[in-house]
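Each chain gets a letter, A, B and so on, in the order the sequences are listed, and its residues count up from 1.
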Amino acid sequence: AQSVSQHNHHVILSEAASLELGCNYSYGGTVNLFWYVQYPGQHLQLLLKYFSGDPLVKGIKGFEAEFIKSKFSFNLRKPSVQWSDTAEYFCAVNADTGGFKTIFGAGTRLFVKA
Amino acid sequence: IAGITQAPTSQILAAGRRMTLRCTQDMRHNAMYWYRQDLGLGLRLIHYSNTAGTTGKGEVPDGYSVSRANTDDFPLTLASAVPSQTSVYFCASSELSGPYNEQFFGPGTRLTVL
């Protein structure tokens, strides 16, 4: 069955530090990949997505993610985090398994110290 | 402002009681979803609807039912609530039900079953 693993459940960084959040999925076929973000007290919103083409995708607020097919990974990165990036980040995968249901990872809580 | 509304915002419920969580979207999206969010488990799909008049089971459907009488509304019913259904419930929608489905989320309903 499809699964999505996010390696870090909690990450604490200081402002201006670089961020990389890991995401691996288990499905070997064609996948569509998403990162969603949930800021404190707010609902989930799309950060970025990958369907095809350039494996390095750029999203809002300076975030980017790289799809590495050979590693089944879609890691999220940001060169320099800000206090306002404090949030929970969810990786999600939608695969052509016949149901096209989106599977979410368990989430990574990021806390950025000012 | 277009989007998804959920009601109630929060609810404390006695075990054994029946409860319906409401979800309405005004984006004319075909597909709608119900997720529950639990710490360490991320978002898990309860039920979904690819279009009005159809519904399907997600990852954790037991104890829940849904209906989709029209495009805009997708209520989730707990027939006889149990404490393990304590969670935050998110309704979401997407324009289409296929693999490129960016999902838009509502603000959530925090449910506590005692």
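- Note: A:Tyr89 and A:Tyr39 have perpendicular aromatic rings, judged against thresholds of 30 and 60 degrees for the angle between ring planes.
- In this structure, the portion of A:Leu46 lying under 4.5 Å from any heavy atom of chain B is its side chain and not its backbone.
- The residue from B:Thr77, B:Leu78, B:Leu13 that alone fulfils the side chain to side chain contact (heavy atoms under 4.5 Å, CB included) condition with B:Arg18 is B:Thr77.
- Contact of B:Tyr35 with chain A is made through the side chain alone, with heavy-atom distances under 4.5 Å.
- With a 4.5 angstrom heavy-atom cutoff, B:Gln103 touches chain A via backbone and side-chain atoms both.
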B:His29 vs B:Phe104, ring-ring contact (aromatic ring centres under 6.0 Å, His included): CA-CA, chis, key distance, verdict: CA-CA 10 Å; B:His29 283 175; B:Phe104 296 82; 5.5 Å; yes
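- A salt bridge between A:Asp85 and A:Lys61 is absent, with no side-chain N of the basic residue lying under 4.0 Å from a carboxylate O of the acidic one.
- Looking at A:Gln42, neither its backbone nor its side chain comes within 4.5 Å of chain B, counting heavy atoms on both sides.
- Below 30°, between 30° and 60°, or above 60°: for A:Phe72 and A:Tyr25 the angle between ring planes is above 60°, a perpendicular geometry.
- Per-residue counts of heavy-atom pairs under 4.5 Å with chain A were compared for B:Ala92, B:Gly108, B:Pro107; the largest is that of B:Pro107.
- A donor atom on one side chain and an acceptor atom on the other are not found under 3.5 Å apart for A:Asn24 and A:Ser73.
- Contacts of A:Glu88 with chain B are made by side-chain atoms alone, with heavy-atom separations under 4.5 Å and no backbone atom involved.
- Of the two parts of B:Leu45, only the side chain, counted from C-beta on, holds a non-hydrogen atom closer than 4.5 Å to a non-hydrogen atom of chain A.
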